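This report concerns only the one structure given below.
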Amino acid sequence: MNIRTLLEKKISEALAAAGAKNAPAIIKPSTRPDFGDYQANGVMGAAKKLGMKPIELAEKALQHLDMIGIASKVEIAGPGFLNIYLTEDFLAEHTEHALASERLAIETVFEPQTVVIDYSAPNLAKEMHVGHLRSTIIGDAMARILSFQGHRVIRQNHVGDWGTQFGMLLTYMEELGDDSSELSQQLSNLEKFYQAAKQRFDEDPEFANQARKNVVKLQAGDPEFLKLWKQFTETSLQHCDQIYQTLHVMLTRDDVMPESAYNDDLPNVIADLDKKGLLKEDQGAQCVFMDEFKNKDGSITPMIVQKSDGGYLYATTDLAALRYRHNKLGMNRGLYVIDARQSLHLKQVFTAAKKAGFVDPDTRLEHMAFGTMMGKDGTPFKTREGGTVKLIDLLDEAKQRAFDLVTQKNPDLDENTRKSIAETVGIGAVKYADLSKNRTSDYIFDWDTMLSFEGNTAPYLQYAYARIQSIFRKAGGIQNIDDSIAIELIDPQERQLANKLLQFEDTLDTVAREGTPNLLCNYLFELSGNFMSFYEACPIMKADFPDLIHSRLKLSLLTANTLKTGLGLLGIDVMDRM
């Protein structure tokens with residue numbers, strides 16, 4: 001049982017004994033050391049329900065509170081807050097336990113869920129661009145964290161591989177004929193291939209007409225067009241694979257579940273919506289009207305599921321995907337890491353799926369919305385020419401900038417070592433710059449800030465880890481730390497560091513529950529700051545007596561393990577030397 005859970009149990013029991021049964025303790029880390037280590041904020045709400053003064057309930061609860069061996073004192077502050085001061089022995093014991101555990105004493109969840117995470121989801125008609133970055137890395141971080149907690153995580157890469165634009169692309173492929181070398185060369189740059197096909201579509205009415213006919217052939221299962229389509233999608237997926245490998249995200253081909261996979265089920269979706277009485281024809285289209293989406297004037301914003309020409313829409317495919325994830329994958333919780341502009345669409349899909357019985361009423365469906373990556377001018381991030389930035393180009397530039405930086409700082413390192421460090425630093429910097437921001441907000445993409453070794457950046461945290469490794473090298477290696485010597489928390493900085501280390505599990509719980517990787521970034525940044533304060537105030541190798549050297553080395557080791565684990569859960573690597 002972690003510290004916060006233990007304190008919640010103790011305070012809740014005391015409140016119940018004082019007459020406030022089932023009152024939540026609401027335990028949070030204190031914002032300042034003089035307010036104790038933790039603060040219980042549940043007294044005010046419980047007192048209000050009982051019609052008591054908060055301070056009276058707090059005093060009554062203290063009479064029933066048993067904190068022997070846990071807290072040195074618990075005091076009432078303000079209108080009824082309870083400030084909890086943990087004992088040094090209690091903190092040291094839990095710190096030792098965390099150090100001795102491969103999982104830092106973090107237990108797996110008692111009731112694991114099947115969590116389906118929908119993320120990345122590029123359109124295979126084009127190469128991945130910067131607009132896919134946030135979904136890919138936020139989704140990957142959430143998948144890692146939830147898996148670490150013990151949940152069964154199923155990644156779903158809902159790639160776009162169907163629809164009218166593929167008629168245009170396949171028609172252009174057909175024009176190139178049997179010259180496989182020419183076709184292969186052109187497909188190596190999907191963006192140029194798409195632009196060339198689009199130009200033909202826009203300028204040649206005969207080509208455009210043929211493209212529309214070929215869409216019908218494709219959707220009807222024409223063997224020749226299916227063959228071309230498979231060739232195109234395979235090439236596109238290879239481009240995606242290159243991105244995922246460069247980004248060090250965990251998506252594989254096994255996670256790809258394309259739009260086309262649901263094609264055969266779309267008529268069934270329409271039929272089942274109709275059976276539930278949810279369909280209504282409007283101007284020839286089949287729509288779902290739901291009171292939850294009523295406007296101020298009384299009109300309802302409809303969700304169109306079938307066009308007047310019989311074609312289906314994203315909503316139809318998303319409903320089919322939800323049904324598949326519920327029936328076949330056993331989904332308890334679904335996370336959709338999709339940009340904020342799709343908010344209304346997803347609300348309608350989630351609501352309709354529950355009304356139609358495609359998922360259970362208690363299935364948690366969550367839109368993990370995110371904002372836009374902006375340039376320094378405050379507009380969406382683009383090339384200098386105003387075009388869309390390819391994601392692979394952005395990542396290549398990150399590695400090159402990091403290589404130049406590493407070369408500047410460590411010119412004596414051999415080139416291969418500098419390249420290896422540069423890849424870890426450059427890719428980590430791009431990912432962390434995004435993950436450290438509140439995902440619902442837009443953020444400014446700034447190379448200088450993200451590659452800085454100062455402030456809340458990946459290079460700063462990676463350097464903090466490497467610096468601790470240098471301490472171990474001076475000590476002759478981790479193997480020279482004497483495990484039999486207990487951790488002692490003598491100085492305030494030691495206590496503060498131990499306290500922060502023991503808040504790691506609580507942080508992960510919050511991130512997993514709320515979908516906020518930035519809170520893990522903030523925690524790791526604060527932990528690094530706590531370690532630097534400890535390092536400056538508490539000599540390690542020159543401590544006053546030998547046992548204290550080993551105690552402080554053990555605190556350093558737990559800090560390094562926590563940084564490595566935390567950054568790893570964000571998909572960011574560390575190095576022993578930088």
Side-chain angles (χ1 to χ4, degrees), residues 3 29 32-33 37 85-106 409-410 421 424-425 453-505 507 522-568 572-578:
I3 291 176
R32 286 167 40 183
D37 300 304
Y85 298 77
L86 302 174
T87 69
E88 280 75 14
D89 288 345
F90 178 81
L91 281 171
E93 179 187 342
H94 278 259
T95 307
E96 291 272 13
H97 184 47
L99 182 58
S101 165
E102 288 185 7
R103 289 178 49 87
L104 307 177
I106 297 175
K409 289 183 174 292
N410 295 295
I421 293 172
T424 302
V425 171
F453 280 80
E454 298 179 359
N456 191 9
T457 67
Y460 170 78
L461 295 177
Q462 290 168 324
Y463 181 68
Y465 177 85
R467 189 170 184 178
I468 297 173
Q469 298 307 308
S470 72
I471 295 171
F472 298 144
R473 288 194 291 273
K474 291 176 184 176
I478 294 172
Q479 68 274 8
N480 285 339
I481 300 174
D482 190 340
D483 291 335
S484 67
I485 296 174
I487 290 175
E488 290 189 76
L489 306 176
I490 298 171
D491 290 314
Q493 289 82 4
E494 291 172 306
R495 177 195 176 89
Q496 189 175 10
L497 177 58
N499 210 345
K500 194 69 180 180
L501 286 164
L502 296 174
Q503 292 170 11
F504 185 42
E505 184 173 5
T507 302
N522 292 342
Y523 168 83
L524 295 172
F525 177 59
E526 291 171 2
L527 175 63
S528 297
N530 289 150
F531 180 80
M532 292 311 300
S533 298
F534 156 77
Y535 180 77
E536 291 169 3
C538 305
I540 297 177
M541 301 311 297
K542 295 182 180 180
D544 294 337
F545 49 92
D547 283 8
L548 192 54
I549 293 176
H550 291 279
S551 171
R552 289 175 177 172
L553 282 172
K554 289 172 85 172
L555 277 175
S556 301
L557 180 56
L558 182 55
T559 302
N561 292 347
T562 305
L563 285 173
K564 183 177 182 178
T565 301
L567 286 170
I572 296 172
D573 295 328
V574 293
M575 300 145 288
D576 288 351
R577 298 173 187 267
M578 285 183 69

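Everything numeric in this text was worked out from a predicted model, so none of it was measured.
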Item checked: side chain to side chain donor-acceptor pair (under 3.5 Å) contacts touching residues 481-500 (sequence neighbours left out) -> D37-R495, D37-N499, E88-R495, D482-S484, D491-R552, E494-R552, K500-E526

Next item on the list: Go through the structure and list residues passing salt bridge (Lys or Arg N to Asp or Glu O under 4.0 Å) with E93, not counting sequence neighbours.
Entry: none

Check: Does the side-chain contact (heavy atoms from CB on, under 4.5 Å) test come out yes or no for L553 and L557, once each step is laid out?
Finding: CA-CA 6 Å; L553 282 172; L557 180 56; over 6 Å; no

Notebook entry, point to check: If you measure from CG on L91 to CG on L502, what distance do you get to the nearest 0.5 Å?
Noted result: 6.5 Å

Next item on the list: Looking only at non-hydrogen atoms, find the nearest pair between H97 and A105 and report the distance.
Entry: CD2-CB, 3.6 Å

Checklist line | Exceeds 12 heavy-atom contacts within 6.0 angstrom, atom CD of E454 | finding: no

Quick one: side chains of residues 464-471, donor-acceptor pairs under 3.5 Å with protein atoms, not counting sequence neighbours, listed by atom name and distance.
{"residue": "Y465", "atom": "OH", "partner": "Q469", "partner atom": "NE2", "Å": "3.4"}
{"residue": "S470", "atom": "OG", "partner": "R467", "partner atom": "O", "Å": "2.5"}

Next item on the list: Mind listing the closest non-hydrogen atom pair of L524 and L567 along with its distance?
Entry: CD1-N, 3.8 Å

Next item on the list: To the nearest 0.5 angstrom, please state how far the NE2 atom of H94 sits from the CG atom of L501.
Entry: 13.5 Å

Next item on the list: Start with the C-alpha distance between L548 and I490, add both sets of side-chain angles, then the distance that settles side-chain contact (heavy atoms from CB on, under 4.5 Å), and finish with yes or no.
Entry: CA-CA 9 Å; L548 192 54; I490 298 171; 3.9 Å; yes

Checklist line | side chain to side chain donor-acceptor pair (under 3.5 Å): pairs with one or both residues in residues 528-547, sequence neighbours excluded | finding: none

Notebook entry, point to check: Applying ring pair (Phe, Tyr, Trp, His ring centres under 6.0 Å), which residue pairs with at least one partner in residues 480-505 are found, sequence neighbours left out?
Noted result: F504-Y523

Margin query: Evaluate L527 against L497 for side-chain contact (heavy atoms from CB on, under 4.5 Å), listing each step before the verdict.
Written below: CA-CA 7 Å; L527 175 63; L497 177 58; 3.8 Å; yes

Checklist line | Derivation of the side-chain contact (heavy atoms from CB on, under 4.5 Å) call for I481 and F472 | finding: CA-CA 9 Å; I481 300 174; F472 298 144; 4.3 Å; yes

Note to self: Please give me the minimum heavy-atom distance between V425 and P459, naming the atom from each residue.
What the structure shows: CG1-CG, 4.0 Å

Margin query: Is it the case that over 12 heavy atoms from other parts of the model lie below 6.0 angstrom from the CZ atom of F525?
Written below: yes

Note to self: Give me the atom names and distance for the closest heavy-atom approach of I572 to Q462.
What the structure shows: CG2-NE2, 3.7 Å

Check: Is it true that atom CZ of R577 has more than 12 heavy atoms of other residues, nucleotides or ligands lying nearer than 6.0 Å?
Finding: no

Check: Can the ring centres of Y463 and Y460 be said to be less than 6.0 Å apart?
Finding: no

Next item on the list: Taking all heavy atoms of A92 and all of L489, pick out the closest pair and write down the distance.
Entry: N-CD1, 3.7 Å

Margin query: For E96, give me all partners under salt bridge (Lys or Arg N to Asp or Glu O under 4.0 Å), at least two apart in sequence or on another chain.
Written below: K554

Notebook entry, point to check: Looking at L104 and L558, what are the two nearest heavy atoms and their distance?
Noted result: CD2-CD1, 3.8 Å

